[in-house]
There are 2 protein chains.
Amino acid sequence: MTRMHKENNLSKNQQIIFDLIDRSPEPLKAYTILYNVQKKGINAPPQVYRALDKLVEIGKIHKIESKNAFVACKNSDCEISKATAFSICESCEVVDEISDVKLSKYLSSFNHKKGMKFKRFNLEFFGLCKKCK
Amino acid sequence: MTRMHKENNLSKNQQIIFDLIDRSPEPLKAYTILYNVQKKGINAPPQVYRALDKLVEIGKIHKIESKNAFVACKNSDCEISKATAFSICESCEVVDEISDVKLSKYLSSFNHKKGMKFKRFNLEFFGLCKKCK
DNA sequence: TTACATAGTGTTATATTATAACAATTCTAA
DNA sequence: TTAGAATTGTTATAATATAACACTATGTAA
Ligand SMILES: [Zn+2]
Ligand SMILES: [Zn+2]
Ligand SMILES: [Zn+2]
Ligand SMILES: [Zn+2]
């Protein structure tokens, strides 16, 4: 019936939810997303969480763990969510994805003394943004 | 009635919950903690969450954001949770607090291009531990 | 074309994580 | 000793996330 929107590999629900997150100036929570897509026929939490899971998996969005919220990846060379870093303003809650090659390389090559080889990291910085300080 | 256990500044509930977390080889979730302290008279979620909040605030424990779970700080010079880093095994779920002075200094002095000054960071590395790989 | 596998959808119910609100008690320091 | 701050106990509820199941759509290959 409804054709999938294949021009960019995303299914219908994935595309609706990605568009919403991508247009948002701030991280969106799952239930905020749900309320905002009900007019498009997405009615229940599992539909939202499934799309979110997939979008995270393919690197189109990232989860801000400390906020249980999601942002679109602004970082075209972000290697499928293997190395993410964010700055988070503790006052206005603005989140920016940090794309700093030196930082990314430094952390990607960091090896734990105890012999663990890392596949992935997530880094969250907190402070006050320019406006708020 | 019941005197507070002041030998180390922790209140009764805080001490009970800290002891449990400190003895655990793995991160503990809030409701796991609740089930395990009910025999000591802690009956309801707010009692657990209040103690956890306080213990995090004073740096005795840390929250592993990606797991919604808590570990005791193993890092005596950990500056009240201002700079935390963890290694997390994706197979056995073991978590280790990383205390690497160079890493800590590198990240603490990292400044975002957009003029944000950071007060705090949390870094989570994921991979397979020695045993699991 | 048909058949099969994989991925996505819609739906109901429920599990898990966390906080609001309020009354009472205990601790601290002046 | 007494007032403020911190902690406790309690009930209820909010917020976040998943289980389970029936069904539909899509891609691949015989
Ligand atoms: Zn990214
Ligand atoms: Zn701000
Ligand atoms: Zn620590
Ligand atoms: Zn392991």
Side-chain angles (χ1 to χ4, degrees), chain A residues 1-21 24 26-71 93 95, chain B residues 1-21 24 26-71 93 95:
Chain A
M1 193 79 50
T2 332
R3 282 243 122 53
M4 290 178 91
H5 299 70
K6 294 296 298 177
E7 56 277 11
N8 49 13
N9 297 342
L10 297 184
S11 74
K12 174 172 143 285
N13 288 0
Q14 289 160 14
Q15 187 69 57
I16 290 168
I17 287 172
F18 174 73
D19 287 344
L20 183 69
I21 296 172
S24 171
E26 60 193 10
L28 292 180
K29 288 169 166 275
Y31 277 75
T32 304
I33 293 168
L34 176 55
Y35 300 141
N36 280 282
V37 296
Q38 285 185 326
K39 49 186 170 297
K40 307 229 173 181
I42 296 175
N43 301 302
Q47 297 175 287
V48 173
Y49 281 102
R50 283 189 297 228
L52 290 173
D53 287 349
K54 187 67 178 186
L55 291 167
V56 166
E57 185 192 327
I58 65 179
K60 299 282 287 180
I61 66 173
H62 304 301
K63 183 174 186 181
I64 307 301
E65 294 287 356
S66 60
K67 300 172 79 72
N68 297 318
F70 299 84
V71 295
E93 314 258 303
V95 170
Chain B
M1 195 80 51
T2 333
R3 281 244 124 53
M4 288 179 90
H5 300 69
K6 293 297 297 175
E7 57 277 9
N8 49 15
N9 299 342
L10 297 182
S11 73
K12 173 171 145 285
N13 289 0
Q14 289 160 14
Q15 187 70 56
I16 290 168
I17 287 173
F18 175 74
D19 287 345
L20 183 69
I21 296 171
S24 171
E26 60 192 10
L28 292 180
K29 288 171 165 273
Y31 278 75
T32 304
I33 292 168
L34 177 56
Y35 300 140
N36 280 283
V37 295
Q38 285 184 327
K39 49 185 169 299
K40 307 228 173 181
I42 296 176
N43 302 302
Q47 296 175 288
V48 173
Y49 280 100
R50 284 190 295 228
L52 290 173
D53 287 349
K54 187 68 179 183
L55 291 167
V56 166
E57 185 192 326
I58 64 179
K60 297 283 286 180
I61 66 173
H62 302 301
K63 182 174 187 180
I64 308 300
E65 294 287 356
S66 61
K67 300 172 79 71
N68 296 319
F70 299 85
V71 294
E93 314 257 305
V95 170

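Because the structure is predicted, anything quoted here is derived from the model rather than measured.
For the OP1/OP2 pair of D:dT8 and a distance below 4.0 Å, the side-chain nitrogens and oxygens of B:Lys40 include no atom meeting the criterion. In this structure, B:Lys12 reaches the D:dG9 phosphate: one of its side-chain N or O atoms is under 4.0 Å from OP1 or OP2. For A:Gln47, no side-chain nitrogen or oxygen approaches OP1 or OP2 of C:dG8 to under 4.0 Å. The side chain of B:Ser11 contributes no N or O atom lying less than 4.0 Å from OP1 or OP2 of C:dT26. Residue A:Lys63 places at least one side-chain N or O under 4.0 Å from the OP1 or OP2 atom of D:dA17. For B:Asn43, a side-chain nitrogen or oxygen approaches OP1 or OP2 of D:dT10 to under 4.0 Å. The phosphate of C:dT17 has OP1 or OP2 within less than 4.0 Å of a side-chain N or O from B:Lys29. OP1 or OP2 of D:dA6 has not a single side-chain nitrogen or oxygen of B:Lys54 nearer than 4.0 Å. Here B:Asn68 reaches the OP1 or OP2 of C:dA18: one of its side-chain N or O atoms lies under 4.0 Å away.
A:Gln38 places its CD atom 13 Å from the P atom of C:dG10, with the value rounded to the nearest Å. Rounded to an integer number of Å, the gap from A:Ile64 CD1 to D:dT16 C1' is 16 Å. Note: CG (B:Leu34) to C1' (C:dT19) measures 15 Å, nearest angstrom. Between B:Ile17 atom CD1 and C:dA18 atom P there is a gap of 14 Å when expressed in whole angstrom units.
Between A:Thr32 and A:Pro46, the residue anchored closer to the 5' end of DNA chain D is A:Thr32, taking for each the nucleotide with the nearest heavy atom.
Of the options A:Gln47, A:Arg50, A:Lys54, a side-chain contact (heavy atoms from CB on, under 4.5 Å) to A:Asn13 is made by A:Gln47 and by none of the others.
Within 4.0 Å of A:Lys67, counting heavy atoms only, lies no atom of the nucleic acid at all.
You'll find a donor-acceptor pair under 3.5 Å spanning the side chain of A:Tyr31 and the base of D:dA17, going by distance alone.
Side chain of A:Lys29 to main chain of A:Lys67: a donor-acceptor pair is present (N/O by atom type, distance under 3.5 Å, no hydrogens or angles).
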